[in-house]
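For reference, the structure discussed in these notes is given below.
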Amino acid sequence: MQVTTPLYNPSSFFSFSQHKQKVTKMAHFVLRLLLISIAIFGFSTMVESRSRARMYLELQCRSALYPDLCVETLLPYVRKIGLPSPQLLTQVSLASCLSKARFTKTYLNMVAKKLNETTNNENNQAVQECLHQINDGVNQITQSFKELQQIGKDGDENFMWHVSNVQTWVSAALTDATTCIDGMLGGGMGRREQAMIKARFLNVKQLASNSLAMFSRFTTRYRASRGIKNPRSVVM
């Protein structure tokens with residue numbers, strides 16, 4: 001009697017199924033390993049990029065009077081836009097200073113409004129004088145920012161004119177902030193309000209000082225690249 005081999009072999013199917021499961025598990029393992037590798041590489045690249053941004057700013061800010069503040073102020077912008085030119089970095093520095101000055105002006109207006117409701121004329125006068133200083137400061141920093149944007153657009157013959165204007169206006173804003181800190185916060189004003197006003201003006205003063213340092217660094221490199229002589233070094 002002839003024996004016929006069955007078409008369906010359960011043991012062969014089971015063996016094939018096991019092999020397929022192993023292949024699937026191996027594929028999943030490789031995929032997970034690949035995803036982990038990509039994540040590690042991406043994280044390493046991000047850390048390297050952030051470290052490079054910080055190192056770049058530490059180099060640019062080393063001449064600033066407040067280098068740590070300089071780095072921390074500019075770092076968020078550099079991480080977003082990459083490593084900017086010295087001119088763009090100076091614009092960002094001035095923009096940060098302007099933002100703080102406007103914030104200080106808003107806060108001081110609120111304090112002045114509150115003091116108007118009291119009878120303490122001495123405190124109100126001190127705040128009004130500081131408010132006058134910060135109004136001037138906002139205008140001066142705004143003018144400086146606009147002037148900085150013109151450098152290189154209307155010829156090198158106007159370079160020193162723009163430089164003089166920016167230096168004059170930012171220095172004036174710095175002086176205004178210093179004046180309020182040193183001479184306008186006496187009297188019987190509450191300690192908390194005095195401390196808040198002083199802290200805000202001090203921040204504006206420090207940012208203005210750093211902006212001047214960044215601007216000086218930029219103009220030095222710009223003169224060197226364009227062969228522009230510094231008038232102060234020219235012998236008449």
Side-chain angles (χ1 to χ4, degrees), residues 49-105 133-134 136-181 199-233:
S49 176
R50 290 185 175 182
S51 299
R52 187 166 62 249
R54 180 173 286 276
M55 290 175 61
Y56 173 75
L57 286 177
E58 287 174 351
L59 176 64
Q60 298 298 319
C61 293
R62 64 183 179 180
S63 60
L65 191 58
Y66 310 97
D68 292 340
L69 176 63
C70 179
V71 171
E72 295 305 320
T73 300
L74 300 175
L75 191 57
Y77 299 94
V78 173
R79 283 175 177 170
K80 289 180 181 179
I81 64 178
L83 304 183
S85 66
Q87 184 173 9
L88 181 56
L89 205 59
T90 305
Q91 290 178 6
V92 173
S93 182
L94 274 175
S96 300
C97 182
L98 179 58
S99 177
K100 290 296 183 182
R102 286 173 173 169
F103 180 77
T104 300
K105 177 182 175 181
Q133 301 291 339
I134 197 62
D136 286 347
V138 168
N139 292 333
Q140 290 152 354
I141 298 169
T142 300
Q143 288 177 299
S144 300
F145 184 83
K146 293 179 179 179
E147 194 79 9
L148 175 59
Q149 291 180 310
Q150 294 302 312
I151 293 180
K153 293 182 178 180
D154 55 356
D156 290 342
E157 63 273 12
N158 295 316
F159 174 75
M160 294 309 301
W161 168 257
H162 294 311
V163 169
S164 177
N165 287 338
V166 173
Q167 289 177 336
T168 298
W169 289 327
V170 178
S171 296
L174 195 157
T175 300
D176 286 337
T178 303
T179 299
C180 183
I181 293 171
R200 281 163 171 75
F201 272 88
L202 180 61
N203 193 220
V204 172
K205 173 186 175 180
Q206 292 173 341
L207 289 173
S209 174
N210 284 347
S211 294
L212 275 176
M214 301 299 292
F215 181 69
S216 177
R217 184 177 178 85
F218 154 64
T219 55
T220 299
R221 300 180 77 177
Y222 187 95
R223 280 201 309 268
S225 66
R226 300 296 185 98
I228 302 174
K229 294 182 179 180
N230 187 343
R232 287 174 296 181
S233 64

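What you see is a predicted model; the values in this text were computed from it and never measured.
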Carefully, step by step, assess D156 and Y222 under the rule side chain to side chain contact (heavy atoms under 4.5 Å, CB included). CA-CA 10 Å; D156 290 342; Y222 187 95; 3.0 Å; yes

Quick one, L88 and I81 - any side-chain contact, counting heavy atoms below 4.5 Å? yes

Find the distance between CZ (R62) and CG (L57) and round it off to the nearest 0.5 Å. 13.0 Å

Here the gap from K205 atom NZ to S209 atom OG, rounded to the nearest 0.5 Å, amounts to 8.0 Å

Close side-chain approach of Q140 and D176, heavy atoms under 4.5 Å: yes

Determine whether a donor-acceptor pair (N or O, by modelled atom type, separation under 3.5 Å) exists between the side chain of S164 and the backbone of W161. no

If we only count heavy atoms from C-beta on, is the N165 to S144 side-chain gap below 4.5 Å? no

Criterion side chain to side chain contact (heavy atoms under 4.5 Å, CB included) against L202, the qualifying member of T104, I181, T178: I181

I would like to know whether C61 and L74 meet side chain to side chain contact (heavy atoms under 4.5 Å, CB included); could you show each step before the answer? CA-CA 10 Å; C61 293; L74 300 175; 4.2 Å; yes

Measure up the F218 and F159 rings against each other and bin them: parallel (under 30°), tilted (30 to 60°), perpendicular (over 60°). perpendicular

Rounded distance (nearest 0.5 Å) linking atom CE of M214 with atom SG of C97: 13.0 Å

Whether T219 side chain and S216 backbone form a donor-acceptor pair below 3.5 Å: yes

Under the side-chain hydrogen bond (donor to acceptor under 3.5 Å, both in side chains) rule, what pairs show up with a residue in residues 87-101, not counting sequence neighbours? S93-S211

So, taking the atom named CG in L212 and the one named CG in L207, what distance separates them when rounded to the nearest 0.5 Å? 11.5 Å

Determine, stepwise, if the pair F215 / I151 fulfils side chain to side chain contact (heavy atoms under 4.5 Å, CB included). CA-CA 12 Å; F215 181 69; I151 293 180; 3.9 Å; yes

Where do V78 and A53 come nearest, in terms of heavy atoms and distance? CG1-CB, 3.7 Å

Check side chain to side chain contact (heavy atoms under 4.5 Å, CB included) between Y56 and all other residues, then give those that pass, not counting sequence neighbours. Q60, L83, P84, L89

Between S171 and Q167, the two heavy atoms sitting closest are OG-O, 2.6 Å

To the nearest 0.5 angstrom, please state how far the CD atom of Q149 sits from the CD atom of E147. 10.5 Å

Answer yes or no: is there a side-chain heavy-atom contact under 4.5 Å between N203 and L69? yes

Heavy-atom side-chain proximity of V138 to L98 below 4.5 angstrom: yes

Kindly indicate whether the side chain of F103, heavy atoms from C-beta on, has any atom under 4.5 Å from the side chain of V204. no

CA sep, side-chain torsions, deciding dist, call: K146, I141, side chain to side chain contact (heavy atoms under 4.5 Å, CB included): CA-CA 9 Å; K146 293 179 179 179; I141 298 169; over 6 Å; no

Within the 3.5 Å criterion, strictly below it, is a donor on H162 or Q150 matched to an acceptor on the partner's side chain? no

Gap between atom CZ of F201 and atom CG of L174 - 0.5 Å precision: 12.5 Å

